Amino acid sequence: ILNVEQSPQSLHVQEGDSTNFTCSFPSSNFYALHWYRWETAKSPEALFVMTLNGDEKKKGRISATLNTKEGYSYLYIKGSQPEDSATYLCAFGSGNTPLVFGKGTRLSVIA
Amino acid sequence: GAVVSQHPSWVICKSGTSVKIECRSLDFQATTMFWYRQFPKQSLMLMATSNEGSKATYEQGVEKDKFLINHASLTLSTLTVTSAHPEDSSFYICSASTSGMADTQYFGPGTRLTVL
């Protein structure tokens, strides 16, 4: 059974703070690592797909890094804003099998 | 682009009745659609994968006779929860992909099912 772990489970930060969270996944049979943002009452939105060890992707104030050899990815948010409040999901893909999702990190940004 | 709709967004039904949930890709053709269930504080658990025109592939432990999946076209998949019981109460969410199993999925907003 593939295990995808996300930490922390939840996080409260002040507006303007920078923050980061972790996704751990199996280091074997790696194909892709996905990050999604899921706001309450909306559809999960794809943020990044990362495939190469050492990959670093950026979208506005959000960025992510990937280490496939040790099996982890970090998501960073610089200068958090209230609109960043959401659950951030990561999902591990090994190619021929469906994505396996972590439980998510719930971020609350307090104005 | 890549919008997926899901209806209904919530449903309350009596025990023993059947409930149908629709998942539509609005602006693209989905090679594959996925159905997930999420219990409180748990991760999205894949129930089944379906490809247009073929039978769905169910994950271990998911009863195919209870959770009927029909993928009639490249833009529509339906999940029918047959003879629903209170333990079927959960959040059901679909996603669609234009390519492979481990590629980007585009999600619907989900359906909250409550069985009384």
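Chain letters run A, B, ... following the sequence lines, proteins first and then strands; every chain starts at 1. Being a predicted model, the structure only gives us computed values, none of them experimental.
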Flag yes if Leu52(A) and Tyr72(A) sit in one hydrophobic cluster, no otherwise; membership is Ile, Leu, Val, Met, Phe, Trp, Tyr, and two members link when side-chain heavy atoms are under 4.5 Å apart. no
Residues of residues 18-42 of chain A with a heavy atom under 4.5 Å from any heavy atom of chain B, in residue-number order, are Tyr31(A), Ala32(A), His34(A), Tyr36(A), Trp38(A), Lys42(A)
Kindly check if the number of other-residue, nucleotide or ligand heavy atoms within 6.0 Å of OH (Tyr88(A)) is above 12? yes
Please lay out, stage by stage, how Lys41(B) and Lys103(A) fare under the test side chain to side chain contact (heavy atoms under 4.5 Å, CB included). CA-CA 7 Å; Lys41(B) 298 191 178 181; Lys103(A) 292 182 182 180; over 6 Å; no
Would the number of heavy atoms belonging to other residues, nucleotides or ligands and lying under 6.0 Å from CZ of Arg37(B) be above 12? yes
Linked, directly or transitively: Tyr36(B) and Phe67(B) (ILVMFWY side chains, under 4.5 Å): no
Any Leu89(A) side-chain heavy atom under 4.5 Å of Leu44(B) side chain: yes
Taking Val81(B) as the starting point, is it possible to reach Trp35(B) by hopping between hydrophobic residues whose side chains are less than 4.5 Å apart? yes
Compare every heavy atom of Gly102(A) with every heavy atom of Ser43(B), then report the nearest pair and how far apart it is. CB-O, 3.3 Å
Beyond-backbone contact of Ser95(B) with Leu99(A), side-chain heavy atoms, under 4.5 angstrom: no
Do you know which of Ala46(A), Pro98(A), Gly93(A) has the most heavy-atom pairs with chain B at a distance under 4.5 angstrom? Pro98(A)
Phe91(B) portion near chain A, given a 4.5 angstrom heavy-atom threshold: side chain
Does atom NZ of Lys55(B) have more than 12 heavy-atom neighbours, drawn from other residues, nucleotides or ligands, at distances under 6.0 Å? no
Heavy-atom distance under 4.5 Å to chain A: side chain of Thr49(B), backbone, both or neither? side chain
List the atom of Ser43(A), the atom of Gly108(B), and the distance in Å for their closest heavy-atom pair. OG-C, 3.1 Å
Shared hydrophobic cluster, Ile62(A) / Leu66(A) (ILVMFWY, side-chain heavy atoms < 4.5 Å): yes
I'd like to know if Leu11(A) and Val109(A) are part of one continuous hydrophobic network [Ile/Leu/Val/Met/Phe/Trp/Tyr, side-chain heavy atoms within less than 4.5 Å]. yes
Is it the side chain or the backbone of Thr51(A) that comes within 4.5 Å of chain B heavy atoms, both, or neither? neither
If you tally heavy-atom pairs under 4.5 Å against chain A, which of Gln105(B), Gln42(B), Arg112(B) wins? Gln105(B)
